Amino acid sequence: MKRYFVQKIPSVSERVSVPPELAEGTRHLLREQAWSAADVLTDFSFPWENRIAPQTEFRALWNETHFHFRFDCQDDDLVLPDGATAKDRALGSDRVEIFFAPDLSLKPYYCLEMSPKADVLAYEANFYREINWDWQCEGLQIDAHIDNDHYTLSGSIPLETLRSLNVLKPGSREFFAGIYRAEFSHSPDGTIHSGWMPWVNPNTERPDFHVPASFGMLDLVSATHERTAHEGELGDAVTNAVRGLNFSPARRAV
């Protein structure tokens with residue numbers, strides 16, 4: 001089973017903080033420094049098509065209270081339809097997705113499908129595709145930005161939410177998760193082509209993320225190396241930056 005190691009954000013030292021005069025001018029830089037501590041996952045592909053996948057990066061970090069995640073996606077042909085609800089907009093859009101499960105029976109599992117405009121479709125499901133559209137991910141916060149041929153989506157989920165769902169079990173620092181990208185594009189005839197990019201290839205005949213074989217394991221790990229004084233100061237700035245990330249509450253799919 002594939003594993004991704006979620007690095008822990010360094011703890012805050014009360015002796016070091018971000019100088020007030022730097023708070024605005026270096027906010028973006030500090031966010032990037034925060035994410036530089038994360039392992040970069042790039043194992044996304046088109047298992048059901050014979051074409052090269054666009055650059056897609058996933059990062060995650062954690063601290064004592066939250067699981068933080070980020071997608072960076074190259075996309076020179078965004079599909080962002082209008083729709084009456086967040087559900088309509090997300091399902092018809094380019095998007096990134098994370099599924100969480102207590103175990104590989106997928107009874108139940110929990111899904112977040114998130115567009116470059118921060119529309120979120122959250123739902124609970126039971127294998128196979130028995131969906132409860134009314135479920136919402138408590139405490140989920142999302143931020144998304146589009147920049148020319150690239151979009152970034154980042155967010156956070158309280159660890160207490162993952163524990164309440166039995167995804168993160170008592171005494172454990174690992175959980176089952178699927179990480180995906182839906183890559184849509186405009187065809188010459190005016191139709192929309194749907195491309196499906198999982199982290200873990202489920203080896204199904206047709207595109208399908210909703211199977212146990214598409215899941216991997218996320219491990220919440222702690223840094224083992226001893227930080228120097230400089231690393232400690234940077235780590236404190238990084239932690240403050242992540243604490244201050246300007247996430248917006250997820251838009252409810254109604």
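Remember, predicted model here, so these are calculated numbers, not experimental data.
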With no hydrogens and no angle check, is any side-chain donor or acceptor of [X] less than 3.5 Å from a backbone partner on [Y]?
X	Y	answer
N63	H66	yes
T85	D88	yes
T56	F44	no

Answer with yes or no after comparing the ring centroid distance for Y123 and Y110 against a 6.0 Å cut-off, counting only values under it.
no

Aromatic contact between F176 and F215, with the criterion being ring centroids under 6.0 Å apart: yes or no?
no

[X] [atom1] to [Y] [atom2] distance, which is reported to the nearest 0.5 Å:
X	Y	atom1	atom2	answer
Y151	S115	OH	OG	8.5 Å
K87	R89	NZ	CZ	13.0 Å
Y109	N126	OH	CG	8.0 Å

Who passes side-chain contact (heavy atoms from CB on, under 4.5 Å) against R206, sequence neighbours left out?
none

Holding to side-chain contact (heavy atoms from CB on, under 4.5 Å), I want the full list of residues that pass it with A177, two or more places apart in sequence or in another chain.
F100, F175, L218

Check the hydrophobic clustering (I, L, V, M, F, W, Y; side-chain heavy atoms under 4.5 Å; chains of links allowed) and say if Y128 and F209 are grouped together.
yes

So which atom in V211 and which in P202 form the shortest heavy-atom distance, rounded to 0.1 Å?
CG2-CB, 3.8 Å

For E174, what residues pass the side chain to side chain donor-acceptor pair (under 3.5 Å) criterion, not counting sequence neighbours?
R3

Run the side chain to side chain donor-acceptor pair (under 3.5 Å) test against N201 and tell me which residues pass, sequence neighbours left out.
N203

Listing request: all side chain to side chain donor-acceptor pair (under 3.5 Å) pairs with a residue in residues 164-173, at least two apart in sequence or in separate chains.
R173-S222

Applying salt bridge (Lys or Arg N to Asp or Glu O under 4.0 Å) as the test, list every pair that has at least one member in residues 186-203; sequence neighbours left out.
none

